[in-house]
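Okay, structure first, notes after.
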Amino acid sequence: MEIGQNCNLEGCTCLDFLPFKCPYCLLVFCGEHRLDHNCAKSVDRVISHDTATAGQSTTPSEKRACSFAECSAVEKITSLCPHCTHNFCLAHRHARDHNCEMGDKLLVQAQERREEIVSLVQEKMGGGNCVVATKEKKPVVVVKKKVNYAIELMKMKSSAKGESFIPTESRVYLRICFPCESAMASQAMFFHKDWPVGKLVDKLAIIAKVSNVNNTSDEAMKLVLYNAETGNVLPMNESLSALIARKELQQAAAVALERVSVPFVGV
């Protein structure tokens, strides 16, 4: 079962673990585009509503004032913001255009969750104790050092572990950060470029000697693979070569195997 959903905005292939479903166009978007996908359906829905109600009354629909403080527009067609629930004119219907406080809070929450994932991975790669977010303490976001992937790849090729039958030209090298429940330190490994992420998860669970319940209904305990740089979940059914082609992953990148519930405890 694939964890998360891909953003439907054209040009964005981000897989978001907590996707947002627009109440107007009913499409799914990532945290970055949940408020910024130029939703035309929000306008269509208001127009359809006014058209439908027009036949029920002999008087024209009331005009509504735009709720944006800096706007004096009074229009028949307005749009209801799904976040702050105020009405706005067409020019200010998007959350970013009326400085929507509720929309900003949602964006901050989404960013905090991504930072927690990255922080968790950085703690493991740094050799320190694995810090998990709790109500009393959230992991401090570690400032990431810029990685020279070309140099990292050369180092990995001389020390990485993997199955010897994989042809050299078909190998994808990654630095693996094992789950908090495992005592194993991060290490360089190589895999076949055509293997799906799900196969990696199964193999890494065996290596780390942790339970794998991905075939059960216990969603919170499922194992997933995160991109350590972005904090995004890698889709289970995608091959490594496909992810690299879409630049969602690259040779010598760091990835983390974790339970779905771990990075989000206490959020």
Side-chain angles (χ1 to χ4, degrees), residues 1-7 13-21 28 30-31 110 113-125 130-134 139 160-163 165-166 170-246 248-250 253-267:
M1 179 179 179
E2 184 176 330
I3 305 296
Q5 289 182 269
N6 290 95
C7 178
T13 59
C14 176
L15 180 81
D16 201 301
F17 181 67
L18 293 172
F20 170 77
K21 186 175 183 179
V28 172
C30 64
R113 294 186 183 206
R114 291 177 184 275
E115 288 175 350
E116 286 186 11
I117 296 172
V118 175
S119 176
L120 178 67
V121 174
Q122 291 293 327
E123 287 284 347
K124 290 179 70 63
M125 291 184 65
C130 179
V131 178
V132 180
T134 66
K161 299 178 181 179
E163 300 189 38
F165 67 82
I166 301 176
S170 297
R171 295 179 181 181
V172 173
Y173 294 83
L174 299 170
R175 179 162 296 282
I176 307 299
C177 298
F178 291 97
C180 291
E181 62 199 81
S182 171
M184 294 187 65
S186 63
Q187 61 180 268
M189 301 186 70
F190 62 83
F191 310 91
H192 198 288
K193 65 180 182 179
D194 294 331
W195 285 0
V197 171
K199 185 172 183 176
L200 264 69
V201 169
D202 292 339
K203 286 184 173 292
L204 293 175
I206 295 173
I207 294 172
K209 297 181 180 180
V210 296
S211 63
N212 184 354
V213 295
N214 281 21
N215 293 323
T216 71
S217 59
D218 190 355
E219 295 291 336
M221 295 306 293
K222 289 182 183 292
L223 289 167
V224 292
L225 204 61
Y226 294 95
N227 181 322
E229 183 177 0
T230 64
N232 291 330
V233 176
L234 300 178
M236 291 287 191
N237 60 349
E238 291 281 358
S239 68
L240 296 178
S241 58
L243 293 173
I244 291 174
R246 294 205 306 266
E248 294 179 25
L249 190 67
Q250 62 180 329
V255 297
L257 181 70
E258 260 311 346
R259 301 282 177 195
V260 171
S261 61
V262 171
F264 302 103
V265 173
V267 175

Rounded to the nearest 0.5 Å, what's the gap from [atom1] on [X] to [atom2] on [Y]? Could you check?
X      : Y      : atom1 : atom2 : value
Leu249 : Ser241 : CG    : OG    : 10.5 Å
Ser239 : Trp195 : OG    : CH2   : 13.0 Å
Ser170 : Phe165 : OG    : CZ    : 10.5 Å

Going by atom type alone, with no hydrogens or angles, which donor-acceptor pairs under 3.5 Å involve a side-chain atom of residues 203-213 and a protein atom two or more places apart or on another chain?
from	atom 1	to	atom 2	distance (Å)
Lys203	NZ	Glu163	OE2	2.9
Ser211	OG	Arg259	NH2	2.9
Asn212	OD1	Asn214	N	3.1
Asn212	ND2	Asp202	OD1	2.8

Heavy atoms only: give me the nearest [X]-[Y] pair and the separation to one decimal.
X      : Y      : result
Ile166 : Arg171 : O-NE, 2.9 Å
Leu223 : Met236 : O-CE, 3.0 Å
Asn215 : Lys222 : N-NZ, 4.4 Å

Item checked: Pairs involving residues 189-201, ordered by first then second residue, that meet salt bridge (Lys or Arg N to Asp or Glu O under 4.0 Å) (sequence neighbours left out) -> none
Margin query: Going by side chain to side chain donor-acceptor pair (under 3.5 Å), name the residues that satisfy it together with Glu238, two or more places apart in sequence or in a different chain.
Written below: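 Counting only residues at least two positions away or on another chain, Glu238 forms a side chain to side chain donor-acceptor pair (under 3.5 Å) with Arg246.
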Margin query: Going by side-chain contact (heavy atoms from CB on, under 4.5 Å), name the residues that satisfy it together with Ala188, two or more places apart in sequence or in a different chain.
Written below: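 For Ala188 the side-chain contact (heavy atoms from CB on, under 4.5 Å) partners, ignoring immediate neighbours, are Met156, Ala160, Arg175.
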Notebook entry, point to check: Could you go step by step and tell me if Asn227 and Leu243 meet the side-chain contact (heavy atoms from CB on, under 4.5 Å) rule?
Noted result: CA-CA 11 Å; Asn227 181 322; Leu243 293 173; over 6 Å; no
Next item on the list: Could you check Leu200 against Leu240 for side-chain contact (heavy atoms from CB on, under 4.5 Å), going step by step and ending with a plain yes or no?
Entry: CA-CA 9 Å; Leu200 264 69; Leu240 296 178; 3.9 Å; yes
Margin query: Assess the residue pair Asn237 and Val197 against the criterion (side-chain contact (heavy atoms from CB on, under 4.5 Å)); give the C-alpha distance rounded to whole Å, side-chain angles, the decisive distance to 0.1 Å, and a yes or no.
Written below: CA-CA 6 Å; Asn237 60 349; Val197 171; over 6 Å; no
Next item on the list: Applying ring-ring contact (aromatic ring centres under 6.0 Å, His included), name anything that partners Phe190, two or more places apart in sequence or on another chain.
Entry: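 ring-ring contact (aromatic ring centres under 6.0 Å, His included) check on Phe190 returns Tyr173.
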